[in-house]
Undergrad: 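Structure below; questions to follow.
A note on names: the letters A, B, ... follow the listed sequences, proteins ahead of strands, and every chain is numbered from 1.
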Amino acid sequence: MISKGSTFFRSIRFRFLAWYGLILAATFILFSVVLFVDLRRTLYDKLDDVLLSRAEGVAQSINTYWETEKVEGLRRGAKSSLFSKINNANFVKIANRWVDERSDDPELVDIMVQIYTHEGRLIAYSRTAPFKVRLSERSLERIRKKGAVYQNRSVKLTSGPSQDLRTLIYPVLEGKAVSYIVEVASPLTHVSNALDRLRFLLFLLLPATVIITGLLAGEFLASITLKPLKDMIATVQDITAERLDQRLHVPASKDEIRQLADTFNEMLDKIAESIASQRRFIHDLSHEMRTPLTILRGELDVALKRDRSPDQYRETLQSNLEEIEKISRILDGLLVLARIENEEQTLEKEPCDLVGLVRDTLADIEVLAGQKAIEVDFRSEGEAVVPVNREKMRRVLINLFDNAVKYTAPGGLITVVVSPGHEAVDIAVRDTGAGIPGDELPHIFERFYRSEGSRNGRGFGLGLSIARTIVLAHKGTITCESTPGRGTTFTVTLPV
Amino acid sequence: MRILVIEDEKKVAEFIRRGLREEGYAVDLARDGDEGLDMAEGAEYDLVLLDIMLPKKDGFRVCEAVRSKGLDMPILMLTARDDVKDKVRGLDAGADDYLTKPFAFEELLARIRALVRKRYQRTDARLKVADLVLDPVMHRVTRNTGEIRLTAKEYALLEYLMLNAGTVVTRTMISEHVWDINFDTFTNVIDVYISYLRKKIDRDSETRLIHTIKGRGYMVKEGTPDD
């Protein structure tokens, strides 16, 4: 598949794969980042909720202890003002008692609790408590500003590596003042484990999977997309000048591949037509040249075999000259034909008065007809101005008139009628000649076709072929009707 | 040696006829397939030169028709076409050889000689009877006494006699193969030519080779004929 590295990197397949991979990777990276960020926030939110509820629970619980102590104290007659939690040694005791009694509560598994005074002095802590120091001024400052503060903190444990913790510093209010501060902390192990796993999945496993499956899928998609192209390339490689009949398979779909195939096939048609035309030219030329060349060569060979009289040499040379002239005329005719065929697309046309053109051309022909005592009758059934190439159309008319004169016996009649219609103009040339047998009619417009009757006469069978080519180049038609013994009618129909 | 040329192109037929006549062949012309077939059937030809593109009946059909009538003279196809397909078709139709136009006249002559040679089942191009040797390529006739100069007609007559050496050749056969026209009533023309040949060939030599078979014709043979 990949024969040469350099061609592969320049191939559509490679670009397809590269772009496909790039887009796929970008999409998945975006997705992964969003998923990761969102999940981390969700996990932290959940943990924070737990921490908050635990902190509230702890505060409530301590407050309950305190209230019980307060009720008892009041009963003992203590002054109510003594029961402010702020800076109260009793409260410290209560807090410690709460810790002793309640920190084993199942609700508080994995939750570490530390209790501070409003100034941040540590007054009680659970056994698992990590910090055991007073709160920093910064933390106190933040509490004063925002209330509860969540933090990620890393703590060095006595045994083992450092542990990441999520902490909530939660001020408990008495009236409007902070009475004491509860700090709860939970290890981040679960969260960070989950996030680590997710990170591993998203940023290592997923890309690997995406890249592998992406490459495979991309390759697969590229193959599907490129298969018609590859097939085309294979077919096109098979096409040579000798095998121009090959055509691309046109897929049933109406996509770009089909357009390409159609366009390419159309181009092939044009090339094939052009090459066929050239081949025809060469074939016709070589074929038509053979007879005069055979005569030239044969007569010279025979003449040179022995000494001859000047008259015999003169006769041979005269005959050779005739053949050479014949060759020139064949060449001229074929060149005219080839030129018209090539000009078909670029034929210059201008509005032309056909009646006038026919009359002018007939004037020349009437001289020829007069020599054979052939009468020429011309009539038109109205004005006919048609866009044609004047020179070329004149040639068509000359060829038709010349033919008519050639095949009409002395004393005959040639009738030319121009009849304009709504969409087309007909020019009919009728003669009273020998006519053309039915089996020859389909061939008379072929190059070099000479009917049995005309074979040994003058002409090379190019006149009608040239006429037809010119008429076709005008998008017109030329037809022939003939009754042997009665005469022949050629009709040229030109679109207006 | 009588050759039928079936060719519709007038000038081609004309130079072939002139060239072959000058070589001493008797040549008849036919202008289309039907005429050619009629003529091939009507007279005994030693070879037919046949064009393919012919009016009325093309060369292939003429060839097939000639063969289907049991005529076995060599047929040399002559045509403007040089497709392998056409050559194969021509040979399959019963032609013996094929020559593409335009051709060198010498090649046409060589092929005609080869076909005639094959017809008389000889491998040597030269004809020999005793010390009389006829070289159809060089148009030379020699005996031990030296080269013998012959006119074209004398040469053609001698060639025909030598091709049929050892068998009786009738005056009718001679008139058909050596002369274009049937000399039926002018058999003395043949006798005159035979006497010319005798003078040139047998006069200076001890052994006479040209014999007259009374009431039947002539024979070229070493020694006296059996009858």
Undergrad: Surrounding CZ of A:R395 (heavy atoms of other residues, nucleotides or ligands, distance under 6.0 Å), is the total greater than 12?
TA: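 No, CZ of A:R395 has 12 or fewer neighbouring heavy atoms, counting only those of other groups under 6.0 Å.
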Undergrad: Measure the OG1-CE distance between A:T291 and B:M53 for me, rounded to the nearest 0.5 Å.
TA: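 Answer rounded to 0.5 Å: 8.0 Å.
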Undergrad: Of all heavy-atom pairs between B:E22 and A:R306, which one has the smallest distance, and what is that distance?
TA: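 Where B:E22 meets A:R306 most closely, the heavy atoms are O-NH2, 2.9 Å.
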Undergrad: Going by the side chain to side chain contact (heavy atoms under 4.5 Å, CB included) test, name the single residue among B:R18, B:R21, B:E23 that passes it with A:V302.
TA: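 When B:R18, B:R21, B:E23 are each tested with A:V302, the side chain to side chain contact (heavy atoms under 4.5 Å, CB included) holds only for B:R18.
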Undergrad: For A:D439, is the CG atom crowded, meaning more than 12 foreign heavy atoms sit under 6.0 Å from it?
TA: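 Enclosed: over 12 neighbouring heavy atoms sit under 6.0 Å from CG of A:D439.
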Undergrad: Just wondering, more than 12 heavy atoms not from A:R486 lying within 6.0 Å of its CZ?
TA: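 No, the 6.0 Å shell around CZ holds no more than 12 heavy atoms from other groups.
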Undergrad: Checking B:K11 side chain against A:S319 main chain: does a donor-acceptor pair fall under 3.5 Å?
TA: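 Yes, B:K11 side chain to A:S319 backbone: donor-acceptor pair under 3.5 Å.
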Undergrad: How far does CG of B:L109 sit from CG of A:D301, to the nearest 0.5 angstrom?
TA: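 The CG atom of B:L109 sits 9.0 Å away from the CG atom of A:D301.
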Undergrad: For atom CZ of B:R140, is the number of surrounding heavy atoms from other residues, nucleotides or ligands below 6.0 Å larger than 12?
TA: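 Open.
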Undergrad: More than 12 non-hydrogen atoms from neighbouring residues, nucleotides or ligands closer than 6.0 Å to CZ on B:F103, yes or no?
TA: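 Yes, CZ of B:F103 has more than 12 neighbouring heavy atoms, counting only those of other groups under 6.0 Å.
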Undergrad: Is it the case that atom NZ in A:K372 sees more than 12 heavy atoms from other parts of the structure closer than 6.0 Å?
TA: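 Enclosed: over 12 neighbouring heavy atoms sit under 6.0 Å from NZ of A:K372.
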Undergrad: Would you give the length of the straight line joining atom CZ of B:F15 to atom CG of A:L296, rounded to the nearest 0.5 angstrom?
TA: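 Result: 9.5 Å between the selected atoms.
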Undergrad: Between B:P102 and A:T294, what is the shortest heavy-atom contact and its length?
TA: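 For B:P102 and A:T294, the tightest heavy-atom pair comes out as CA-OG1, 3.3 Å.
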Undergrad: Could you pull out the closest heavy-atom pair between B:T100 and A:R290, with the gap in Å?
TA: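 It is CG2-NH1, 3.2 Å.
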Undergrad: Which heavy atom of A:K305 sits nearest a heavy atom of B:F105, and at what distance?
TA: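 Residues A:K305 and B:F105, closest heavy atoms: CD-CD2, 4.1 Å.
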Undergrad: Is it the case that more than 12 heavy atoms not belonging to B:E41 sit under 6.0 Å from its CD atom?
TA: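 Counting other residues, nucleotides and ligands, CD of B:E41 exceeds 12 neighbours.
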Undergrad: Should B:K101 and A:L293 be marked as a side-chain contact (heavy atoms from CB on, under 4.5 Å) after you check the CA-CA gap, both sets of side-chain angles, and the distance that decides it?
TA: CA-CA 8 Å; B:K101 291 177 182 175; A:L293 283 176; over 6 Å; no
